[in-house]
**Student:** 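Below you will find the structure I want to go over with you.
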Amino acid sequence: MTEARTQRELIEESLGFLFEAELLEEIIEVGKVKSLESDQILLDTGDDLLYIPFILDGAIKVSRDRDEEELLLYYIESGDTCAMTLQCTVRKSVSEIRATTIEPSRILMIPIMYMEKWMSNYSSWRRYILESYHSRMTELIETVDAIAFMRLDERLEKYLVDQAKLKGSLEIKHTHQQIAEDLHSSRVVISRLLKQLETKGRIQLYRNRIVLSSI
DNA sequence: ACATTAAGTGATT
DNA sequence: AATCACTTAATGT
């Protein structure tokens, strides 16, 4: 009882400003809230796309992975959805990305069968989907730019700043190894570059922890 | 005290 | 910028 109430409130709070009341009711009706700890895989490469996930709170990173290699593509936060899953409106398919929680997160899962119906019935839904697609595309291009045109040290600094903004804290609790994986580099290289940034006074290094001097 | 894991570094490609 | 090989430091048992 109270469970359902809280869930309704949670959904209204996170998504209420996005959709008209009628659609919101439908969303509350058919959506299931999934709670995940930090560092859990929400969706993995090769998984069938059965649900559209909406991030209610927390944050998620979307990365490409081949064999054991990984590369961070972009983050999704509260109010966002994953563009990858949107293509299932057109065609039933499997995921080509991995979505991992980077904070304890609650995600609203909506079966994909509603996609098409809502597309034709609700203008707020159409607008949301198109805008969402657009902003994911923009972020993806930003990432491509970073890989193509920035040196690794610049990319690392951008990564740290992005992390800090995302968490709302200058403290980043990652190992050098984890950062290396996100940037698709090696631990040794990241350690060296971090050391340089520390010498320049941009950061302070500790075990499992990096503190940014400023954003 | 010991083992394990994270981080630092010189040398080489 | 990556890899190897090794050292040093921090942390858990």
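In the text below, chain A, chain B and the rest are named by the order of the sequence lines, each starting its count at 1.
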**Student:** Take the protein atom CG of A:Leu152 and the nucleotide atom P of C:dA2, then report the distance between them rounded to whole Å.
**Tutor:** 6 Å
**Student:** Under 4.0 angstrom, heavy atoms only, what part of the nucleic acid is A:Leu194 near: base, sugar-phosphate, or nothing?
**Tutor:** nothing
**Student:** Locate the shortest heavy-atom distance separating A:Lys173 from A:Glu171; write the atom from each residue and the value.
**Tutor:**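 Here A:Lys173 and A:Glu171 meet closest at CE-OE2, 3.1 Å.
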**Student:** In whole angstroms, how far is the C1' atom of B:dT4 from the CD atom of A:Gln177?
**Tutor:** 15 Å
**Student:** How about CZ on A:Phe149, more than 12 heavy atoms from neighbouring residues, nucleotides or ligands closer than 6.0 Å, or not?
**Tutor:** no
**Student:** Rounded to whole Å, please give me the gap between CD in A:Glu181 and C1' in B:dA7.
**Tutor:** 15 Å
**Student:** Between C1' on C:dA2 and CG on A:Leu156, what's the gap in Å once rounded to a whole number?
**Tutor:** 16 Å
**Student:** For nucleotides 5-13 of chain C, give me every protein contact, N/O to N/O, under 3.5 Å, one pair per line with atom names.
**Tutor:**
| from | atom 1 | to | atom 2 | distance (Å) |
| --- | --- | --- | --- | --- |
| C:dA10 | N3 | A:Arg207 | NH2 | 3.2 |

**Student:** If the threshold is 4.0 Å, N to carboxylate O, is there a salt bridge linking A:Arg127 and A:Glu131?
**Tutor:** no
**Student:** Is the CD atom of A:Glu25 crowded by more than 12 outside heavy atoms at less than 6.0 Å?
**Tutor:**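 Check passes, neighbour count above 12.
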**Student:** Rounded to the nearest 0.5 Å, what separation is found between the CG atom of A:Leu71 and the CD1 atom of A:Ile97?
**Tutor:**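 A:Leu71 CG to A:Ile97 CD1: 12.5 Å, rounded to 0.5 Å.
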**Student:** How close do A:Ile203 and A:Leu194 get, counting heavy atoms only, and between which atoms?
**Tutor:**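 So the two residues come closest at CD1-O, 3.4 Å.
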**Student:** Do the side-chain N or O atoms of A:His176 get closer than 4.0 angstrom to the phosphate oxygens (OP1, OP2) of B:dT5?
**Tutor:**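 Checking A:His176 against B:dT5: no side-chain N or O falls below 4.0 Å of OP1 or OP2.
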**Student:** CE of A:Met137: more than 12 outside heavy atoms within 6.0 angstrom?
**Tutor:**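 No, the 6.0 Å shell around CE holds no more than 12 heavy atoms from other groups.
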**Student:** What integer distance in Å separates A:Gln196:CD from B:dA7:P?
**Tutor:** 17 Å
**Student:** Round to the nearest Å and state the distance from A:Arg209 atom CZ to B:dA7 atom P.
**Tutor:**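 One finds 12 Å between P of B:dA7 and CZ of A:Arg209, rounded.
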**Student:** Rounded to whole Å, please give me the gap between CG in A:Leu193 and P in B:dT9.
**Tutor:** 13 Å
**Student:** For A:Thr175, which contact category applies under a 4.0 Å heavy-atom criterion: base, sugar-phosphate, or nothing?
**Tutor:**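 Sugar-phosphate, backbone atoms only, no base.
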**Student:** In whole Å, I'd like the distance from the CD atom of A:Glu69 to the C1' atom of C:dT3.
**Tutor:**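 After rounding, the reported distance stands at 13 Å.
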